[in-house]
Amino acid sequence: FETDALLGAGAVPDITMSRALEIYWDVAADQIRKKSPDQIRRWKNPLKKAVRNWIDVVGDGPIRHLVMDDIYTFRDWWIERIEARSLTPNSANKDFRHLSVVFETANLRKRLGLINPFKGVGLREDEKKHRAPFSEPFLRETFLRPGAFDGLNTEARCIVLGMVNTGYRPSEGAALTRDQIRLDTDVPHISIEPGERQLKSQYSRRIIPLAGVSLEAFRECPDGFPRYADSPALSALANKFMRNNGLAETPDHTLYGLRHSFEDRLLDRDVDERIRRDLMGHTLNRQRYGKGASPEKLLEVVRLIAL
């Protein structure tokens, strides 16, 4: 297809894909203003990987010379890789999405007037695999049996057990500080709020009352978790420990399944949708009116499902 549009071939700068990525970093600088170092790393790495894959397969020539043969060469490479490594089409499509945004950002920023060749060339994706929630009997009889997590370091153990009756995202729990862990109140609770880390969305800001094993965990770790505050190591460590110690209900179960289990228990007790979404930090599919349930009401709900 034709890429030398509007400006003419002679007027278009020879911007390579690697240079386009540098332009993208400059343009997108506002997106990382409130991110922690680990969040910045995890934001940048998929983009770097996509561009690195592209250069390895197609080369790092000027983006104005891209033709559909280049795109389909990359697409075919991904198809072979998916088959050889038992990957999913989603892995390839992430690369296409990242390359598309890098190309388009450089295209617009430098006023190149090129047609984006990455649109509409992704692979058909398989049915999305859902994270497996832990069943309540397994949690009661196996996961929370006395001494089950004694082999895990204190901070990691407290984050995991704190998750059982709060359903927070692992990164949210790990980022909690002493000021956000409020135990000496009528309603002991944690406050998920912006700090060193950027929240996933505005709806993620919330308080979650503490009860059961989660309250006990935060009493043991009232100062937070400096070891994991901005570290990607927690989930891998917890998942490995769970697999090696019979604490993963099936091979598909991971730490994140505790969040899904928390919501399942709320559903099983017919908890109001607004309260469920407020506790989970999810958006509400209608206008949010008022402040929501009181801390006392939230504590009543959490105690209803607490293990």
Side-chain angles (χ1 to χ4, degrees), residues 1 3-7 11-68 70-71 74-75 77-78 87-123 125 128 169-172 174-175 192-205 228-235 281-283:
F1 71 99
T3 57
D4 294 337
L6 297 183
L7 297 180
V12 180
D14 280 344
I15 294 173
T16 63
M17 191 63 78
S18 58
R19 173 59 184 144
L21 181 60
E22 294 174 4
I23 294 169
Y24 178 78
W25 297 143
D26 292 339
V27 173
D30 63 305
Q31 296 184 36
I32 62 173
R33 188 166 52 88
K34 295 184 178 181
K35 291 184 184 294
S36 70
D38 181 57
Q39 286 178 311
I40 293 172
R41 179 190 63 79
R42 290 191 288 119
W43 174 72
K44 282 188 169 184
N45 280 352
L47 289 147
K48 291 179 179 178
K49 179 183 75 69
V51 170
R52 184 171 62 248
N53 285 342
W54 174 264
I55 292 172
D56 287 346
V57 175
V58 179
D60 198 23
I63 61 175
R64 70 184 179 94
H65 291 322
L66 292 186
V67 294
M68 286 308 298
D70 296 324
I71 306 302
F74 189 64
R75 193 176 189 273
W77 174 80
W78 256 115
L87 302 174
T88 68
N90 185 50
S91 301
N93 289 338
K94 284 180 181 178
D95 270 13
F96 279 113
R97 287 193 293 270
H98 292 315
L99 290 168
S100 179
V101 74
V102 167
F103 179 99
E104 193 61 28
T105 299
N107 186 30
L108 294 174
R109 178 66 181 82
K110 297 300 182 180
R111 299 175 177 83
L112 304 182
L114 304 176
I115 298 170
N116 188 339
F118 293 99
K119 291 184 177 180
V121 294
L123 305 182
E125 295 193 5
K128 189 174 181 180
R169 300 172 179 93
S171 60
E172 291 175 334
I192 309 294
E193 57 192 54
E196 293 298 319
R197 295 177 66 87
Q198 186 179 49
L199 295 183
K200 184 173 182 180
S201 75
Q202 60 178 317
Y203 306 105
S204 297
R205 183 169 192 153
Y228 297 104
D230 194 37
S231 168
L234 172 68
S235 290
H282 285 158
T283 183

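We count residues from 1, following the sequence as given.
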Kindly compute the distance separating [atom1] ([X]) from [atom2] ([Y]), expressed to the nearest 0.5 Å.
X	Y	atom1	atom2	answer
Leu99	Asn116	CG	CG	9.5 Å
Leu21	Lys44	CG	NZ	8.5 Å
Leu123	Asn93	CG	CG	5.0 Å
Met68	Ile71	CE	CD1	6.0 Å

Fit a plane to each ring of Phe74 and Phe96, take the angle between them on a 0 to 90° scale, and name the class: parallel (under 30°), tilted (30 to 60°) or perpendicular (over 60°). perpendicular
Residues forming a side-chain contact (heavy atoms from CB on, under 4.5 Å) with Glu22, sequence neighbours excluded: Arg19
Which atoms form the tightest heavy-atom contact between [X] and [Y], and what is the distance?
X	Y	answer
Ile192	Ser204	CG2-O, 3.5 Å
Ala20	Ile15	N-CG2, 3.8 Å
Asn107	Gly113	OD1-N, 3.2 Å
Leu66	Pro117	CD1-CG, 4.1 Å
Lys119	Ser100	CG-OG, 4.2 Å

For [Y], does its backbone N or O pair with a side-chain atom of [X] as donor and acceptor, under 3.5 Å?
X	Y	value
Arg205	Pro194	no
Arg64	Leu114	no
Asp26	Ile23	no
Asp60	Met17	yes

Any side-chain heavy atom of [X] sitting closer than 4.5 Å to one from [Y]?
X	Y	answer
Trp78	Val57	no
Asn53	Trp77	yes
Lys94	Pro46	no
Ile63	Leu112	yes
Trp54	Phe103	no
Val101	Leu47	yes

Please report the C-alpha distance between Trp25 and Trp43 in whole Å, then the side-chain angles of each, then the deciding distance to 0.1 Å, and finally whether the ring-ring contact (aromatic ring centres under 6.0 Å, His included) criterion is met. CA-CA 11 Å; Trp25 297 143; Trp43 174 72; 5.5 Å; yes
salt_bridge(Arg42, Asp38) N-O dist < 4.0 Å: yes
State which residues pass side-chain hydrogen bond (donor to acceptor under 3.5 Å, both in side chains) with Arg109; sequence neighbours excluded, sorted by chain then number. none
Just wondering, are more than 12 heavy atoms of other shown residues or ligands nearer than 6.0 Å to NZ in Lys49? yes
